[in-house]
Amino acid sequence: MSKKVVLAYSGGLDTSTILVWLIEQGYEVVAFMANLGQHDEDYDAARRKAEMLGASKFVLVDVRREFVEEFIWPWVQSSSLYEDRYPMGTSLARPVIARAMIEVARQENAQYVSHGATGKGNDQVRFELSCYALWPQIKIISPWRMPEFYQRFRGRQDLLEYAKNKGIPVPVTPKEPWSMDANLMHISYESGILEDPANSPPENLFQMTVNPEKAPDKPVQLEIEFAHGVPLKVRNLCTKEEVDGALELFVYLNLVAGQHGVGRIDIVENRFVGMKSRGVYETPAGTVLHAAHLDLETMTMDREMRRIKQELGVKLTYQVYNGFWFAPEGVYTRQCIASSQDRVSGKVRVQLFKGSVTILGRESQYSLYNKELVSMDVQGDYDPPDAGGFIKINALRLKEFHRLQHK
């Protein structure tokens, strides 16, 4: 029986080299690509290149809608950011790619899957943990962790030399001095000149967002409608446009938020494998939805319930970032978070202006905000003297702490 491997293929230098190298090692290679809404991706060119290099088959799977509905929407519900800043666009994409790749491997009766992730990064962990969770018997070929591969290809020059000898087409234009990974949710940039965290990212790096300083001088106002923590509809209050449908809504928000310079971050983060890395990210739609959902959730969810939900959100960030989407704790955490969203329904008005997202107002039939109760002009169902006892009870432990400190 021939050795058949499904390779996560991008059409770039690394995975094109891996494709040819795998064939040299005696494998039949099925080139697999997932359409995640990558920026300016030419899938026909990738197909022609893979077939020219010897792939027995090219399989393209459109996972854009399921990416939004099954992966991005649970993230929106969670109101979570990895290490308080990172929206996890790359992390969320890996399990959806792995799931589609495993489905193709089963359909093609392949015994192996392979990828081009490096041996130092997070993606190797995310891909492989997801694959093993979905198909424990699958065998994984990770060339950048195999001495016979990485000792042969020690850098880009070795890859280019191999490509020249094997007739692998390479871009004529010089490669940008950084690496990039794109999907519908965001674009991430790292490596090259960005490896020095003191270097500011050059302006020509960004592709999804305009420079906030050059964004329109007039803000745009949007109304976002949610049901159970999930975005349902977006209304542009300036142009009167109205967009619904998960994929369509997300694409529209990417466009509008990107035009107004929303969604850029530049951070140093902790990789799961134990090192710090510097990443620059563009997440326009995700940034808007995170702000709007958080605002609505705060108004509609009980304080103590939300405190527990916040803790679950932090746990989810590590599960997603570290590659445990399909792990039992990941499934359980998402179920708990989803159950907390029953009353997170309503509308939020936001303003986008030169890179900022400002909440203008919110409304919900499930609002826990009681105007009469909180008003300074109406006593409502609240007896002010009760606050005195409340303060005394809470002050008791503070007084005891003071007494012990001054013994």
Side-chain angles (χ1 to χ4, degrees), residues 6-10 30-39 41 43 46-47 58-80 87-108 110 113 115 123 126-135 138 181-188 208 224 226-234 243-255 283-286 288-290 293 316-317 319-321 323-328 330-335 337-339 341:
V6 174
L7 169 66
Y9 183 69
S10 68
V30 175
F32 156 79
M33 287 188 77
N35 178 359
L36 283 142
Q38 294 94 315
H39 185 73
E41 188 73 68
Y43 296 108
R47 177 190 300 274
F58 178 90
V59 179
L60 174 64
V61 182
D62 189 342
V63 295
R64 290 174 298 170
R65 192 169 297 277
E66 63 192 83
F67 181 35
V68 176
E69 294 176 346
E70 299 179 42
F71 295 82
I72 297 177
W73 279 179
W75 168 76
V76 172
Q77 288 181 312
S78 76
S79 302
S80 61
M88 303 186 296
T90 300
S91 316
L92 287 163
R94 295 320 181 220
V96 72
I97 296 172
R99 186 173 71 179
M101 184 165 63
I102 287 295
E103 288 173 1
V104 170
R106 289 183 181 277
Q107 292 164 5
E108 296 295 326
V113 294
H115 59 80
D123 283 340
R126 296 166 182 156
F127 275 128
E128 296 185 28
L129 290 179
S130 296
C131 288
Y132 286 132
L134 296 168
W135 192 3
I138 195 65
D181 184 83
N183 62 52
L184 183 67
M185 186 174 175
H186 85 173
I187 302 180
S188 65
M208 291 182 81
I224 305 173
F226 291 85
H228 310 299
V230 171
L232 278 187
K233 189 178 295 184
V234 173
V243 182
D244 56 15
L247 178 59
E248 295 78 10
L249 180 158
F250 202 82
V251 169
Y252 179 76
L253 272 180
N254 266 338
L255 176 65
T283 317
V288 175
L289 291 173
H290 178 268
H293 174 271
L316 182 70
T317 64
Q319 293 161 0
V320 173
Y321 189 86
F324 292 99
W325 180 271
F326 296 112
V331 175
Y332 177 70
T333 302
R334 294 195 303 278
Q335 288 173 344
I337 289 173
S339 70
Q341 300 292 294

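Heads up: numbering here begins at 1 and tracks the sequence. Below, each value reflects all heavy atoms present in this structure, side chains not excepted, and no hydrogens, waters or symmetry copies.
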### Query
How would you list, by chain and number, every residue that makes a side-chain hydrogen bond (donor to acceptor under 3.5 Å, both in side chains) with Q107, sequence neighbours excluded?
none
### Query
Below 4.5 Å, heavy atoms only, C-beta onward: do S91 and R126 meet side chain to side chain?
yes
### Query
Does a side-chain heavy-atom distance below 4.5 Å link Y252 with V234?
yes
### Task
Please report the C-alpha distance between M88 and S80 in whole Å, then the side-chain angles of each, then the deciding distance to 0.1 Å, and finally whether the side chain to side chain contact (heavy atoms under 4.5 Å, CB included) criterion is met.
CA-CA 9 Å; M88 303 186 296; S80 61; 4.0 Å; yes
### Query
Between N183 and G89, is there a donor-acceptor pair closer than 3.5 Å when you use the side chain of the first and the backbone of the second?
yes
### Query
Atom CD1 in I187, atom OG1 in T283: separation rounded to 0.5 Å?
9.5 Å
### Task
Provide the closest heavy-atom pair for G323 versus S130 in the form atom of the first, atom of the second, distance.
O-OG, 4.3 Å
### Message
Could you measure the distance from the CD1 atom of I72 to the CD atom of Q77? Nearest 0.5 Å is fine.
### Response
13.0 Å
### Pairing residues for F71 by the ring pair (Phe, Tyr, Trp, His ring centres under 6.0 Å) criterion, not counting sequence neighbours
W325
### Summary
Residues at least two apart in sequence or cross-chain that pass side chain to side chain contact (heavy atoms under 4.5 Å, CB included) with V63, listed by chain then number, are A34, L36, V61, E66, V96, A100
### Query
What closest approach, in Å, do R334 and P74 show between heavy atoms, and which atom pair accounts for it?
CD-CB, 4.3 Å
### Message
Suppose we screen for ring pair (Phe, Tyr, Trp, His ring centres under 6.0 Å). Which residues come up paired with F67, at least two apart in sequence or across chains?
### Response
none
### Task
Indicate yes or no: at least one non-hydrogen side-chain atom of V288 is less than 4.5 angstrom from one of I224.
yes
### Main-chain N/O of S79 paired with H293 side-chain donor or acceptor, under 3.5 Å
no
### Task
Might you work through the side chain to side chain contact (heavy atoms under 4.5 Å, CB included) test for V113 and F32, ending with a clear yes or no?
CA-CA 10 Å; V113 294; F32 156 79; over 6 Å; no
### Query
Quick one: salt bridge (Lys or Arg N to Asp or Glu O under 4.0 Å) partners of D244, sequence neighbours excluded?
none
### Query
Has Y332 got more than 12 heavy atoms of other residues, nucleotides or ligands less than 6.0 Å from its OH?
no
### Message
For A105 versus V6, what's the shortest heavy-atom pair and its separation?
### Response
CA-CG2, 3.7 Å
### Task
Report the residues that fulfil salt bridge (Lys or Arg N to Asp or Glu O under 4.0 Å) with D181, sequence neighbours left out, ordered by chain and then residue number.
R94
### Task
Go through the structure and list residues passing side chain to side chain contact (heavy atoms under 4.5 Å, CB included) with T333, not counting sequence neighbours.
L312, L316, Q319, I337
#### Entry: Gap between atom CG of L289 and atom CG of L253 - 0.5 Å precision
5.0 Å
### Message
Any non-hydrogen side-chain atom of V320 less than 4.5 Å from a side-chain atom of L92?
### Response
yes
### Task
Measure up the H115 and F127 rings against each other and bin them: parallel (under 30°), tilted (30 to 60°), perpendicular (over 60°).
parallel
#### Entry: side-chain hydrogen bond (donor to acceptor under 3.5 Å, both in side chains) involving R106 - partner list, sequence neighbours excluded
none
### Summary
Residue set satisfying salt bridge (Lys or Arg N to Asp or Glu O under 4.0 Å) with R47, at least two apart, ordered chain then number -> none
### Message
For a side chain to side chain contact (heavy atoms under 4.5 Å, CB included) check, start with the C-alpha distance between L247 and L184, then their side-chain angles and the critical distance, and finish with the verdict.
### Response
CA-CA 9 Å; L247 178 59; L184 183 67; 3.5 Å; yes
### Task
Kindly indicate whether the side chain of R99, heavy atoms from C-beta on, has any atom under 4.5 Å from the side chain of F326.
yes
### Query
What residues, two or more places apart in sequence or in another chain, satisfy side-chain hydrogen bond (donor to acceptor under 3.5 Å, both in side chains) together with E103?
none
### Task
Could you pull out the closest heavy-atom pair between L134 and I102, with the gap in Å?
CB-CG2, 4.3 Å
### Task
Would you please name every residue forming a side-chain hydrogen bond (donor to acceptor under 3.5 Å, both in side chains) with E41, sequence neighbours left out?
none
### Summary
Closest non-hydrogen atoms of R64 and G37, given as atom of the first, atom of the second and distance, are CG-N, 3.5 Å
### Residue list, salt bridge (Lys or Arg N to Asp or Glu O under 4.0 Å) with E108, at least two apart or on another chain
K4, K57
#### Entry: Non-hydrogen atoms of V76 and G229 that approach each other most closely
CG1-O, 3.9 Å
### Query
Does E248 come within less than 4.0 Å of R65, counting only side-chain N to carboxylate O?
yes
### Task
Measure the OH-CZ distance between Y9 and F58 for me, rounded to the nearest 0.5 Å.
8.0 Å
### Query
Which value, rounded to the nearest 0.5 Å, describes the distance between D123 atom CG and I97 atom CD1?
8.0 Å
